[in-house]
Amino acid sequence: WGGAHLIIALVNVLLRVQAARRERPTRILGAWLHRVLECFTEVIVTGGIEDITSREVADAADGLLADIPSQRVVGLKWALTFVELGALLRFRVPMSRMGRLERTQYLTNVFTRGQLFFHDLVRIKQLVFFIYYSDERTYKEVGFRQFEDREKYKQAQQADKLPTDPVAYP
């Protein structure tokens with residue numbers, strides 16, 4: 001009977017993995033880390049009505065990270081893994097399995113104490129904020145106006161003082 005249970009468990013795991021891949025098609029994170037980032041975003045982006053869902057932020061992060069030709073992306077994947085499994089060190093369930101309130105308390109404790117993988121959390125938090133606030137739907141929330149709509153830009157344009165050469169970085 002033990003062998004049959006093992007086979008059933010393996011089939012169950014394989015079916016869950018395939019279902020997760022179909023539900024969350026990703027380019028670099030994979031379904032599991034995509035879910036972890038989504039759960040992390042639910043806690044970090046709070047307030048009234050969110051202009052962008054946590055799933056949209058995770059999708060955008062996946063796309064952005066896939067387009068970055070850097071080995072540091074692997075470090076961010078490890079950071080997400082530590083965020084997910086760090087709760088196991090305190091005899092809790094993984095972060096993505098916690099309820100929203102428990103997740104909020106867990107992440108707050110980690111941020112306030114600054115233990116373990118604190119720097120990894122900060123990196124992920126910066127990525128979430130970067131993606132969330134760079135979306136046009138959040139501009140009104142933070143008071144951002146396009147350059148073309150700003151008075152100084154219009155004055156510089158009328159005075160023909162806008163740069164015309166392409167911007168070059170060192």
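Looking only at side-chain heavy atoms (C-beta outward), Asn109 and Gln105 come within less than 4.5 Å of each other. Counting heavy atoms from C-beta outward, Leu107 and Met95 have side chains that approach closer than 4.5 Å. Contact check for Thr81 versus Trp32: side-chain heavy atoms found under the 4.5 Å cut-off. By the 4.5 Å heavy-atom criterion applied to side chains, Leu65 and Leu127 are counted as neighbours. Put simply, the side chain of Ile131 does not reach to within 4.5 Å of the side chain of Thr41, judged on heavy atoms.
Under the 4.0 Å criterion applied to side-chain N and carboxylate O atoms, Arg35 and Glu38 are assigned as salt-bridge partners.
For Leu88, the side-chain contact (heavy atoms from CB on, under 4.5 Å) partners two or more places apart in sequence, or in a different chain, are Leu85, Pro94. Phe130 is linked by a ring pair (Phe, Tyr, Trp, His ring centres under 6.0 Å) to nothing, counting only residues two or more places apart in sequence or in another chain. Under the ring pair (Phe, Tyr, Trp, His ring centres under 6.0 Å) criterion, Tyr153 pairs with no residue, sequence neighbours left out. Listed by chain and residue number, Glu56, Asp135 satisfy the salt bridge (charged side-chain N to carboxylate O under 4.0 Å, His left out) test with Arg137 (two or more places apart in sequence, or in another chain). Partners of Ser54 under the side-chain hydrogen bond (donor to acceptor under 3.5 Å, both in side chains) rule, at least two apart in sequence or in another chain, do not exist in this structure.
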Please table the atom pairs, donor to acceptor, closer than 3.5 Å between any side-chain atom in residues 155-163 and protein atoms at least two apart or in another chain.
none

Original post:
Stepwise, does the side chain to side chain contact (heavy atoms under 4.5 Å, CB included) test hold for Glu84 with Phe40?
Top reply: CA-CA 9 Å; Glu84 171 74 347; Phe40 185 85; over 6 Å; no

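A pairwise comparison of heavy atoms in Ser134 and Thr138 identifies N-OG1, 4.5 Å as the closest pair. Nearest approach of Leu29 to His34, heavy atoms of both residues: CB-N, 4.1 Å. Closest approach of Leu80 and Val36 over heavy atoms only: O-CG1, 3.6 Å. Heavy-atom minimum distance, Ala61 versus Leu37: CB-CD2, 3.5 Å. Of all non-hydrogen atoms in Glu42 and Arg100, the two that sit nearest each other are O-NH2, 2.7 Å.
The main-chain N or O of Arg145 is found under 3.5 Å from a side-chain atom of Arg150 such that the two form a donor-acceptor pair.
More than 12 heavy atoms of other residues, nucleotides or ligands shown are found within 6.0 angstrom of CD on Glu148.
Between Phe147 and Phe144, the angle of the ring planes goes over 60°, which puts this pair in the perpendicular group of the 30/60° scheme.
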